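The block underneath contains the structure these notes are about, expressed in structure tokens.
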Protein chains: 2
Amino acid sequence: MQELVNKVLNNSQLEPKLADEIMTIGRLKKVKAGGVVISPESDSNEMPIVLEGLLKVMRRDPNGNEVFLYFLEGGETCAMSITCCIEGKKKAFNVIAEEDSVLWMIPMGHIDSWVVKYPSFRKFVFDAYQTRFDEMLNTIDSVVFLKMDERLYKYLLDKKQASGSFVINKTHEQIANELNTSRVVVSRLLKQLEKEEKIEQHRNRIEIL
Amino acid sequence: MQELVNKVLNNSQLEPKLADEIMTIGRLKKVKAGGVVISPESDSNEMPIVLEGLLKVMRRDPNGNEVFLYFLEGGETCAMSITCCIEGKKKAFNVIAEEDSVLWMIPMGHIDSWVVKYPSFRKFVFDAYQTRFDEMLNTIDSVVFLKMDERLYKYLLDKKQASGSFVINKTHEQIANELNTSRVVVSRLLKQLEKEEKIEQHRNRIEIL
DNA sequence: GATCGTGTGTGACAAATGTTACATCGGACG
DNA sequence: CGTCCGATGTAACATTTGTCACACACGATC
């Protein structure tokens with residue numbers, strides 16, 4: 001376990017001293033696929049770093065509609081958690097475990113002092129922001145510039161990329177929720193993608209070709 | 001002019017010493033309405049703070065389509081510039097003067113050391129990130145959850161809010177570009193809004209009621 | 001193997017949005 | 001005043017997306 005943390009921290013190029021601190025101060029958290037890591041209701045004051053697995057960040061509107069925003073992969077952290085915690089604001093998003101995942105939770109209290117002390121941590125934080133902005137812009141691109149069929153296909157490819165697997169275990173209904181459309185539409189478009197031989201469909205499972 | 005800078009910096013609650021530094025190191029820049037402040041091509045290494053006026057941030061896709069993301073008002077800065085400059089990455093957005101504006105341009109070289117030295121600057125930067133994330137989420141909400149008529153009306157209200165004026169001097173074509181739709185659609189929906197007595201239309205000008 | 005719940009396929013239709021074409025209007029300018 | 005150009009209005013139609021209804025398929029369980 002310690003090795004896992006170390007490995008991730010090393011990959012992030014954090015100074016050994018900082019890695020030590022993070023190691024000492026943080027705590028391990030395991031989440032099963034589908035489990036909630038962060039929700040608007042929870043006011044945890046911890047910043048999660050993904051050690052293993054995959055998280056997904058979703059936006060939910062007041063009427064209960066949802067959209068998928070982006071994934072958080074190994075070594076990444078949730079930039080929005082940082083700002084929210086610092087500002088003490090309510091989170092405006094949900095973070096859900098897309099796969100069984102292992103997280104390292106760091107109490108926010110130390111962020112400020114680490115930013116001051118460790119150049120590598122500043123870089124880590126700014127990198128996180130940069131990446132998240134990119135992902136958000138990417139999401140906006142999909143939603144604004146693409147038609148639903150392209151958006152769906154892009155979603156499948158992203159998921160493949162993030163999970164490292166050609167197989168996607170989701171129902172049409174679940175996918176429809178993440179794209180904020182209806183199940184029927186997803187079925188229709190998936191059928192189309194199948195005809196174009198871009199995917200293969202099975203029950204509860206889609207294979208990217 | 002110095003007073004203007006000072007006023008804005010004070011409103012941002014920056015320490016006097018930092019305000020001094022910013023004052024000394026920055027430079028004034030004036031942009032006329034419609035002028036480009038940041039574009040993917042420009043690789044300026046400066047972070048703009050809005051002293052007066054209004055900037056708008058637009059996303060452009062490879063095909064030349066655009067969408068409006070959010071406004072930058074007095075006292076605000078472009079968080080994405082910060083990360084981009086730090087990472088030396090190409091900007092993925094355009095910043096355009098929505099009105100004649102006055103900016104204070106700060107070379108990025110100092111950011112890192114200020115983050116270390118000044119708590120108030122850390123707060124300033126994190127605030128900027130927080131606000132931008134909120135704006136982005138807001139944009140995503142509009143685009144994903146709203147129909148075009150609602151989105152258009154929200155756009156008009158946002159613009160009114162940001163400019164502080166009930167009058168919007170834009171053509172239907174310009175609005176269509178910012179919402180990434182067609183002129184005809186905008187005309188249609190604006191007519192509708194007029195019937196609902198939410199707006200009044202004139203040539204090149206819309207009044208919010 | 002019969003039953004049941006959930007997931008998927010599909011037709012028919014409705015609503016929203018995009019497109020094309022053309023008419024009209026208003027202001028600028030000669 | 002007449003001309004011209006860009007801005008707006010509008011009809012007709014195409015495409016995309018959403019909705020409803022229902023059939024069918026698959027796997028689990030008894």
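Only a predicted model underlies this, so the values are computations on that prediction, with no experimental measurement involved. Naming convention: chains lettered A, B, ... in sequence-line order (proteins, then strands); numbering from 1 in each chain.
- Legend: salt bridge (Lys or Arg N to Asp or Glu O under 4.0 Å) pairs involving residues 152-161 of chain A, not counting sequence neighbours, sorted by first then second residue: A:Glu98-A:Lys159, A:Lys154-A:Asp158.
- The existence of a salt bridge linking A:Glu197 and A:Lys195 is excluded, since no basic side-chain nitrogen approaches an acidic carboxylate oxygen closer than 4.0 Å.
- When atom types are taken as modelled, the side chain of B:Ser101 and the backbone of B:Ala97 share no donor-acceptor pair closer than 3.5 angstrom.
- Within residues 198-209 of chain A, the residues that have a heavy atom under 4.0 Å from DNA chain D are, in order of number, A:Arg203.
- Distance CD (B:Gln192) to P (C:dT17): 12 Å, rounded to an integer number of Å.
- Annotation: cation-pi pair B:Arg132/B:Tyr70 present, NZ/CZ under 6.0 Å from the ring centroid and within 45° of its normal.
- The number of heavy-atom neighbours closer than 6.0 Å to CD of A:Gln201, taken from other residues, nucleotides and ligands shown, is above 12.
- For residues 167-177 of chain B, proximity to DNA chain D is found at B:Thr171, B:His172, defined as any non-hydrogen atom under 4.0 angstrom from a strand atom.
- Under the 3.5 Å distance criterion, the side-chain polar atoms of A:Asn63 are left unmatched by any main-chain donor or acceptor of A:Asn65.
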At a cut-off of 3.5 Å, list every protein nitrogen or oxygen paired with a nitrogen or oxygen from nucleotides 19-24 of chain C, distance to 0.1 Å.
none

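- Put simply, the side chain of A:Asp100 gets close to the backbone of A:Ala33: a donor and an acceptor are under 3.5 Å apart.
- Salt bridge status for A:Glu173 with A:Arg183: absent, with no side-chain N to carboxylate O gap under 4.0 Å.
- No donor-acceptor pair closer than 3.5 Å links the side chain of B:Arg59 to the backbone N or O of B:Glu66.
- No donor-acceptor distance shorter than 3.5 angstrom exists from the side chain of B:Ser39 to the backbone of B:Asn94, with no hydrogens or angles considered.
- Taking the six-membered ring for Trp and thresholds of 30 and 60 degrees, B:Tyr155 and B:Phe68 have ring planes more than 60 degrees apart, a perpendicular arrangement.
- Using the six-membered ring where Trp is involved, A:Trp114 and A:Phe121 have ring planes that are perpendicular, over 60° apart on the 30 and 60° scheme.
- In this structure, the CG atom of A:Leu190 is 12 Å from the C1' atom of C:dG9, given to the nearest Å.
- For A:Thr181 and D:dG18, the shortest distance from a side-chain N or O to OP1 or OP2 is below 4.0 Å.
- For the segment residues 146-154 of chain A, residues with any heavy atom less than 4.0 angstrom from an atom of DNA chain D are, sorted by number, A:Lys147, A:Met148.
- Pairs engaging residues 23-38 of chain B under the salt bridge (Lys or Arg N to Asp or Glu O under 4.0 Å) rule: B:Arg27-B:Glu46 [sequence neighbours left out].
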